[in-house]
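Scroll down for the structure; my scribbles are underneath it.
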Protein chains: 4
Amino acid sequence: MTPIVSEEYKEKKRQEILQSAHVCFAEKGFEACTVDDIVARSGMSKGAIYNYFKSKDDIYLALMEGQTHKSRNEFAKAIAERKTALDKLNYLIEAYLDNDPNDEENKGHAIVHYEFSLYSTRNPKLKKLLTERYKDFFVSLLIGIIKEGQTSGEFNKELDPSTHADIFWAMVNGATLQATILENYQYKLILKEMQNLFLEKLRQ
Amino acid sequence: MTPIVSEEYKEKKRQEILQSAHVCFAEKGFEACTVDDIVARSGMSKGAIYNYFKSKDDIYLALMEGQTHKSRNEFAKAIAERKTALDKLNYLIEAYLDNDPNDEENKGHAIVHYEFSLYSTRNPKLKKLLTERYKDFFVSLLIGIIKEGQTSGEFNKELDPSTHADIFWAMVNGATLQATILENYQYKLILKEMQNLFLEKLRQ
Amino acid sequence: MTPIVSEEYKEKKRQEILQSAHVCFAEKGFEACTVDDIVARSGMSKGAIYNYFKSKDDIYLALMEGQTHKSRNEFAKAIAERKTALDKLNYLIEAYLDNDPNDEENKGHAIVHYEFSLYSTRNPKLKKLLTERYKDFFVSLLIGIIKEGQTSGEFNKELDPSTHADIFWAMVNGATLQATILENYQYKLILKEMQNLFLEKLRQ
Amino acid sequence: MTPIVSEEYKEKKRQEILQSAHVCFAEKGFEACTVDDIVARSGMSKGAIYNYFKSKDDIYLALMEGQTHKSRNEFAKAIAERKTALDKLNYLIEAYLDNDPNDEENKGHAIVHYEFSLYSTRNPKLKKLLTERYKDFFVSLLIGIIKEGQTSGEFNKELDPSTHADIFWAMVNGATLQATILENYQYKLILKEMQNLFLEKLRQ
DNA sequence: CATGAATGAGACTTCATTCAT
DNA sequence: TATGAATGAAGTCTCATTCAT
């Protein structure tokens, strides 16, 4: 018996399922989203989905695994293109300004993301994974920019890059979370004020 | 004729349920935790629980209400005792410094809180409730302090109190969320740096 | 130990419960009406109710038992007062004209009545009881009137009184049922036309 | 790809559920009959039943729909075959003569039907549905026949067809209800006398 | 490999009845 | 007797997963 379908075909199917699942999770939340929802959105059969993933949890996990890799490349490229540390930082903030959770799609992303993060809290392995991802990507991205700014004289040399990287992401996450949870949150305004606050501090 | 049980008795029972529910929610998450879990942990019957609360949502709401009330009173009292706006703000931050999610109990609180907030996202009524609670308590508390500081000359008069109230809470929430989700997060350090950042801005 | 409360007191309480139960059953139906509903309406405690009746079914049964006796006397008296058979028959129909199920209260009565009748269907004893009640009261009332009319020359002597009694009540019940079940049913109009139909036949 | 089971198979299953439900409803009443009862009688799983019907109400509605359809087709065909309006009307009455609730099966039908009608009384949507079904099928069927008779000169042209349609069905329902509720009710005799009564009126 | 009907445990919630006070 | 908090079986419905075709 030789395999009847190619690996590419299978990978394509897998991605289709993941894509559909992501939309569904975002719309209704992981627990509220049913396998039938995913079936409906993907247009595949339930049996097919269970051929590619062994459980609903499994889909969730695969989805998160995949997500980690995504923005990494985008960011890395865009940042490499900017010259000054200030430009890089501003680019980053602007990228998040576009991420306003008052837009339904962004809100969906945010919800899935936070939900999964909270879920990971009860799974040491996942928690470790998320922590590593946070450090290896988000923190080190910012540390790089701050250090660059300090070297070039743009930023105050006495600030601790690591601490301020954490502060930066805490602010972004805080604003995003509030905007996700609350009605009529002035996300963009808040984020811009945070930008001022943060840059003033860095350039002091 | 005579009431069968005292009000205290009933309040005690209520608190027992709330306590048990809180532990369960923290352990498994709000949605994954079943009423039967709460039954098992509380040692009461299912009917008894529904005598005190009309739904699972209702239990959570009461839990939150309780926390808000507790904070409200503590905060109100402590803040009234401080003289200057600066003292008041510092008190608030110190209260949150004690709230370090690296302590298991605080982490439990935080998880339940964020999870339910996310859950509320898909229930307009709940979302509205959370938004009102945020505005009526958290935002207005801070607006009061900022305005007081502006009147007394402690704080810069040109800052918008409302926006900075939002910024303050976004920072606190951001730090708490990160500390909840990530391993070995330097919660206290980050929060203190945020304190500096924020106060410098206000006093500019 | 002598009894502490009088028999009258107990009977009064019983009647109060029955009264409240009747309203509740009418409003929501026997199955949908809860003991708590009856508690709420009667203002008595749940324990008290169970002191007087041993179950919800028991209340229902007592209620029906009581109802049988009620209208009997009213009708008997009013009919005795009319002189001619025609007057008597017209009185009866007019009484039912006032019973329009488009009025909420009448509808309630009707629903409870029919619901119970259907319920009795599965209980031979009750069914027998209802049948006897129907014959001893409703049918014989009408047979009496018809025969009187035949003797006095008002009505056609060749008609079978018993059959026409059945027809009369089937028509009244049919119209009442339809009006109970359907929206915007022209109960009064239909009943009047039935009156014409029936009287024409009798007087032919 | 290929459908797993044929449409006939599914229709057969549906009918099996309906059949089982009908028996259960008749035995215990619509409200007292549980989904588990239907499960037990049908030998299927609960999930299977909810695959075919979305609620217990839905099962009843389908049952009713089915009966209406059956009657509709039978009636339509049989009535089209008769030439005169009188023949048509007589056919209709004869069909109901066969429906004698003294036969257990017919009684079951009747009980379920009336019980559900009463139940619908508290559900505006259902009530509306029942009213529409009554008008669209039962009333309009009879209006058609009466008008035809008026055109052909068989029936009195001055009678209001709509009112007399209501009268007709109230009489049929009244007789059926009485026969369902009471012991030894002379259903056939009463219905025949009603036929005379009604036809005399129409032909006057 | 694909299909989707079938399964049945389990979710939330209700409510008739009991019984300690 | 009166009270009403406690009980827990039972109700409807959902849904992740399996498996015969």
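Letters go in sequence order (proteins before strands), and every chain restarts at 1.
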To check you understand the geometry: which heavy-atom pair defines the closest contact between B:T131 and A:I181, and what is its length?
OG1-O, 4.5 Å

On the side chain of B:N51, is there an atom forming a donor-acceptor pair with the base of F:dA6 - under 3.5 Å, no angle test?
yes

B:S120 and B:L130 have their tightest heavy-atom pair at OG-CD1, 3.5 Å

Looking at every strand, decide which applies to D:F53 at a 4.0 Å heavy-atom threshold: base, sugar-phosphate, or nothing.
nothing

Donor-acceptor pairs under 3.5 Å, side chain of residues 42-50 of chain C to any protein atom, not counting sequence neighbours: which ones?
{"residue": "C:S42", "atom": "OG", "partner": "C:I38", "partner atom": "O", "Å": "2.9"}
{"residue": "C:S42", "atom": "OG", "partner": "C:V39", "partner atom": "O", "Å": "3.3"}
{"residue": "C:S42", "atom": "OG", "partner": "C:M44", "partner atom": "N", "Å": "3.1"}
{"residue": "C:S45", "atom": "OG", "partner": "C:A48", "partner atom": "N", "Å": "3.0"}
{"residue": "C:K46", "atom": "NZ", "partner": "C:D36", "partner atom": "OD1", "Å": "3.0"}
{"residue": "C:K46", "atom": "NZ", "partner": "C:D36", "partner atom": "OD2", "Å": "3.4"}

Separation of E:dT17 atom C1' from C:I38 atom CD1, nearest Å, is 13 Å

Can you tell which of F:dT7, F:dG4, E:dA6 lies closest to the side chain of D:A48?
E:dA6

Result for 5'-nearest mapping on DNA chain F, choosing between A:S55 and D:K56, is D:K56

Which residues in residues 26-35 of chain A have at least one heavy atom lying under 4.0 Å from any atom of DNA chain F?
A:C33, A:T34, A:V35

Find the distance D:Y60:OH to F:dT12:C1' and express it as a whole number of Å.
20 Å

D:Y52 OH to E:dG4 P, in whole Å, measures 13 Å

A:F25 six-ring centre to A:K56 NZ/CZ under 6.0 Å and within 45° of normal:
no

Nearest to the side chain of C:Y50, heavy atoms from C-beta on, is which of F:dA6, E:dT13, E:dT17?
E:dT17

Heavy atoms from C-beta onward define the side chain here; which of E:dA6, F:dC13, F:dA5 lies closest to that of D:S45?
E:dA6

Looking only at heavy atoms, what is the nearest atom pair of C:L118 and C:T121, with distance?
O-CB, 2.8 Å

Under 3.5 Å, is there any donor-acceptor pair linking the side chain of A:K46 to the base of F:dT17?
yes

Are OP1 or OP2 of F:dT1 and a side-chain N or O of C:K10 less than 4.0 angstrom apart?
yes

Output, in order, the C-alpha distance, side-chain angles, deciding distance and verdict of salt bridge (charged side-chain N to carboxylate O under 4.0 Å, His left out) for C:K13 and C:E16.
CA-CA 5 Å; C:K13 281 246 156 179; C:E16 274 172 39; 5.5 Å; no

From CD of D:E8 over to P of E:dA5, roughly how many Å is that when rounded to an integer?
14 Å

Tell me: CD1 of D:I49 to P of E:dG8, nearest whole Å?
13 Å

Between D:K13 and E:dA6, is there a contact of a side-chain N or O with OP1 or OP2 at under 4.0 Å?
yes

Is any side-chain heavy atom of C:Y60 closer than 4.5 Å to a side-chain heavy atom of C:E115?
yes

Would B:E65 and B:R14 count as a salt bridge (charged side-chain N to carboxylate O under 4.0 Å, His left out) if you check the C-alpha gap in whole Å, the side-chain angles of each, and the deciding distance to 0.1 Å?
CA-CA 13 Å; B:E65 193 89 352; B:R14 235 183 88 95; over 6 Å; no

Whole angstrom value for the distance that separates C1' of F:dG4 from CE of C:M44
14 Å

Starting at the 5' end of DNA chain F, write a dot or bracket for each base, bracketing those in Watson-Crick or G-U wobble pairs whose two distances are under 3.5 Å and using | for partners on another strand.
.||||||||||||||||||||

When you compare the side chains of D:Q15 and D:E11, does any donor N or O come within less than 3.5 Å of an acceptor on the partner?
yes

Short side-chain N/O contact from D:Y9 to OP1 or OP2 of F:dA20, under 4.0 Å
no

How many whole angstroms separate atom CG of B:D36 from atom P of E:dT13?
12 Å

Can you tell me how far P of F:dA16 sits from CG of A:D58, to the nearest Å?
14 Å

Distance flag, aromatic centroids of A:F116 and A:F30, threshold under 6.0 Å:
no

